[in-house]
Amino acid sequence: MAEDPYEVGRGGSRAFWADSVADAIEARDPDEPIVIKGGVSPSGVPHIGHFNEIMRGYYVAEALRDRGHEVRQVFTADDKDRLRAVPRQLADLDWNVVGLGEVDAGALGRNLGKPYTDIPDPFGCCDSYGAHFTTLLRKSAELVGVDVEFVSNTELYADGEFEPVTRRVLERADRARDVLAEYQNKVDDDYVPFLPQCADCGKITEGVTAVDLDAGEVEYVCEDVEAGDQTIEGCGHEGTATLRDGKLPWRFEWPAQWEILGVDFEPFGKDHAEGSWPSGEDVAENVLDIQPPVPMVYEWFTLDGEPLSSSSGNVITVDEVLDILEPEVFKYFFVKDPRKQRDFSVENVDQLVDEFDRFERRYFGDADGSEDEVELAERAYPMVVDEPSEEQVRIPYTFAAVLGMTDDPEQREQIARKEGHIPDDAPDWAVEQALARVERAQEWASLTNNEFNYELKRAEMPDVSFDDATAAALDELADFIAEGHDGEAIQSEIYETAKRNDIDISEFFSAGYRLLFDDTEGPQLGTFIAKLDREFVVERFRRNE
RNA sequence: GGGCCGGUAGCUCAGUUAGGCAGAGCGUCUGGCUUUUAACCAGAUGGUCGGGGGUUCAACUCCCUCCCGGCCCGCCA
């Protein structure tokens, strides 16, 4: 019965992995609605790696819906987990990442060991620490337009949803011990699969001393808890807790969630593949007597070649990604094979966009591709955009970055049209959307400070000097510009002026770029100059300001 | 140390399920646009499929082994 989470969705003849997974789910003939789950602990700033928990399930949900199934995609905020370490970075609800110094770190430290939902929000805006970071995750989903049902684990406990399954686990404590002991050395004869919350200090503790299932209570001592390389001190309080005043240990809680929510499919990161999944599957089948969901492992992302890591600060949030990418491009990133380690490279993000543009054109039959590539586009593209339209216009990303050189929207549009990136018959909405990419590409150029990061140095002249011949040529060119000519004429004259003064043409172009951008490259100079106000350019080329 | 996943052109990635000519885009180079930047058009360039061994008529694909990266093998989630 054991299911290899690395094998599900692999093989078969499907071009889109989500369809292979959907096949595996359908093969079980599940009850409707089919339930797909994901979940994370709201422990800190959510990054794009966490987003796998939403997006991988999303595509499977869409594939099933497309086949006529009713699907419920739920996401559990595992917010009854205890805070185990104070994170180095936090983020407010506007995604401003701040260091610990800017909030009350001491207050956080005193709350180690408590459930996230019992810790005050460091920013004071949400009901709790847990609610704060769950809100950020929910906002991420909204930003990319994925509709997921959020469920708070704390609320499931508070509402008594966990009580029957918790009771059952405790009734079968012997079996639970036997099963878990195969995966964890710590489990001995005294192990109790329940973690009460101390009535006095509020921490999740482990010191259960007695279980009274008739009364639905456990007795406990609030002991010290090992967390990583540190110890969270217990308060020593001795008390009694109901089955709602605490939680199941993770290895039981996960399968319990499957039971409560009726989960049919759950994707999870590679970190769960060797530990939590085998034990969870075992617990489900041999302790809870339920069928575990169809599993799937996804590989982790790296960011610019380095592991995503909240503790080291190597993170990028969904919000930050959407500064440089359209939501549909970001969604496309998750269309790609989940089983490959994948780098999200900010520097090379133009390649991802190019790839998406081709993917989109394939859907409309306007681009070549292998049979699989075409099938993938036909299948996945409608899940990536809300309303596919053949009239959609995309300006190539790097060209959009070039257009970012000017702030004038009309000039951007004119140049894009002239270069054939906007068809004459494009509807207004498509033109608007196409040009919206310029803002993102410009942000990208500025963020990476790459070769597209042109900035007109209008306020003051860059510190430059020229030889006599170049200086003379610049004066001549300034005179010509002062006469008032169109872009092409100016472009022509740049060549002529350089020839007349016997200076290298590319050197002369560079001189112009240095004066305007403090750079050696830039947009097509003549047409660009023609768009600027004449007085400014003339004065600048005469090196007067 | 043991297990699992990944490694394909300078870059980003398809292809490995079921063995059958090593692929795409970008980049680079050359040429074109009566104008050597950007863009655009045409052509060219590009490979130890991580290394080695084996099976086979035939291996990126299957088997063995080694290297590199990541994850798990304590706790926690």
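Numbered from 1 within each chain, the chains take letters A, B, ... in sequence-line order.
- Proximity note for A:K336 (side chain, C-beta onward) versus B:G70, B:A14, B:C11: the nearest is B:A14.
- Regarding contacts with the backbone of B:C76, a side-chain N or O of A:Q184 is found under 4.0 angstrom from either OP1 or OP2.
- Between B:G74 and A:N185, a contact under 4.0 Å exists linking OP1 or OP2 to a side-chain N or O.
- In this structure, A:N348 atom CG and B:G10 atom P are separated by 15 Å, rounded to whole Å.
- Across the C1' atoms, B:G69 and B:U61 are found 22 Å apart, a figure rounded to whole Å.
- Checking the phosphate oxygens (OP1, OP2) of B:G7, a side-chain nitrogen or oxygen of A:K340 falls inside 4.0 Å.
- A donor N or O paired with an acceptor N or O is not found under 3.5 Å between the base of B:G70 and the side-chain atoms of A:E299.
- The distance between atom NZ of A:K499 and atom P of B:U34, rounded to the nearest whole Å, is 12 Å.
- Here the nucleotide nearest the side chain of A:D354, chosen from B:C26, B:U12, B:U37, is B:C26.
- Ring centroid separation for the pair A:F133 and A:Y116 does not come in under the 6.0 Å cut-off.
- Between B:A77, B:G15, B:C11, one nucleotide has an atom nearer to the side chain of A:D372 than all others, and that is B:G15.
- Taking atom CD1 on A:I204 and atom C1' on B:C75, their separation rounds to 16 Å, with Å as the unit.
- Within the structure, every side-chain polar atom (N or O) of A:Y495 is placed at least 4.0 Å from both OP1 and OP2 of B:U37.
- Here the options are A:K247, A:K80, A:Q257, the test is side chain to side chain contact (heavy atoms under 4.5 Å, CB included), and the partner is A:F162; only A:Q257 passes.
- Phosphate proximity of B:A77 to A:K247: present, with a side-chain N or O under 4.0 Å from OP1 or OP2.
- Within the 3.5 Å criterion, the main-chain N or O of A:L248 finds a donor-acceptor partner in the side chain of A:Y157.
- In this structure, B:G25 and B:C11 make a Watson-Crick or G-U wobble pair, each of the two defining distances being under 3.5 angstrom.
- Pair check for B:C40 finds B:G32; Watson-Crick or G-U wobble, both atom distances under 3.5 Å.
- Proximity of a side-chain donor or acceptor of A:K203 to a complementary backbone N or O of A:D224 within less than 3.5 Å is not detected.
- At a threshold of 4.5 Å between non-hydrogen side-chain atoms, the residues A:D337 and A:R342 count as touching.
- Put simply, CD1 on A:I494 is 11 Å from P on B:U36, counting in whole angstrom units.
- Among the heavy atoms of the strands lying under 4.0 Å from A:S492 is at least one base atom, whether or not backbone atoms are also near.
- Taking atom P on both nucleotides, B:U37 is separated from B:U30 by 12 Å, rounded to a whole Å.
- Between the CG atom of A:D350 and the P atom of B:C11 there is a distance of 15 Å, rounded to whole Å.
- Distance check on atom P: B:C33 versus B:G15 gives 41 Å, rounded to whole Å.
- Regarding A:D79, its CG atom lies at a distance of 13 Å from the C1' atom of B:A77, rounded to whole Å.
- Backbone-only engagement by A:H421 is indicated by non-hydrogen atom pairs under 4.0 Å involving sugar-phosphate atoms exclusively.
- The aromatic rings of A:F330 and A:F333 lie parallel to each other, with less than 30° between the two planes, well short of the 60° mark.
- Distance from the side chain of A:R84 is smallest for B:C76 among the nucleotides B:G7, B:C76, B:C11.
- Counting distance only, with no hydrogens placed and no angle test, the side-chain atoms of A:Q491 and the base atoms of B:U37 include a donor-acceptor pair under 3.5 Å.
- Comparing the P positions of B:C64 and B:C73 gives an interatomic distance of 25 Å, to the nearest angstrom.
- The same atom, P, is picked in B:A22 and in B:C49; the two are 10 Å apart, to the nearest Å.
- The aromatic rings of A:Y381 and A:F359 sit perpendicular, their planes meeting at an angle over 60°, well past the 30° parallel limit.
- When the C1' atom is used for both B:A39 and B:G32, the distance is 14 Å, rounded to whole Å.
- Comparing atom distances between the A:D271 side chain and each of B:C72, B:U12, B:C5 picks out B:C72 as nearest.
- Pair check for B:G6 finds B:C68; Watson-Crick or G-U wobble, both atom distances under 3.5 Å.
- B:G50 sits 15 Å from B:U17 when the P atoms are compared, rounded to a whole Å.
- A:N111 and A:Y129 share no side-chain donor-acceptor pair at under 3.5 Å.
- You can call A:F509 stacked on the base of B:U37; the centres are under 5.5 Å apart and the planes sit within 30°.
- For A:V402, taking side-chain heavy atoms from C-beta onward, the closest of the listed nucleotides B:C13, B:C5, B:A38 is B:A38.
- Put simply, CZ on A:F399 is 16 Å from P on B:C26, counting in whole angstrom units.
- The side chain of A:S276 lies closest to B:A77, out of B:C11, B:U37, B:A77.
- Closest contact between the side chain of A:K270 and the listed nucleotides B:A77, B:G25, B:C5 involves B:C5.
- As rounded to whole Å, 14 Å separates atom C1' of B:U36 from atom CG of A:L525.
- A close approach under 4.0 Å does not occur between any side-chain nitrogen or oxygen of A:R342 and OP1 or OP2 of B:G70.
- Within the nucleic acid shown, A:W250 comes within 4.0 Å of at least one base atom, counting heavy atoms only.
- Judged by closest nucleotide on RNA chain B, A:D337 is the one of A:D337 and A:Q341 placed further toward the 5' end.
- Look at the C1' atom in both B:A59 and B:G3: the space between them is 27 Å, to the nearest Å.
- The residue among A:Y191 and A:Y6 whose nearest nucleotide of RNA chain B is located toward the 5' end is A:Y6.
- With 3.5 Å as the limit, one finds no donor-acceptor pair spanning the side chains of A:D78 and A:S41.
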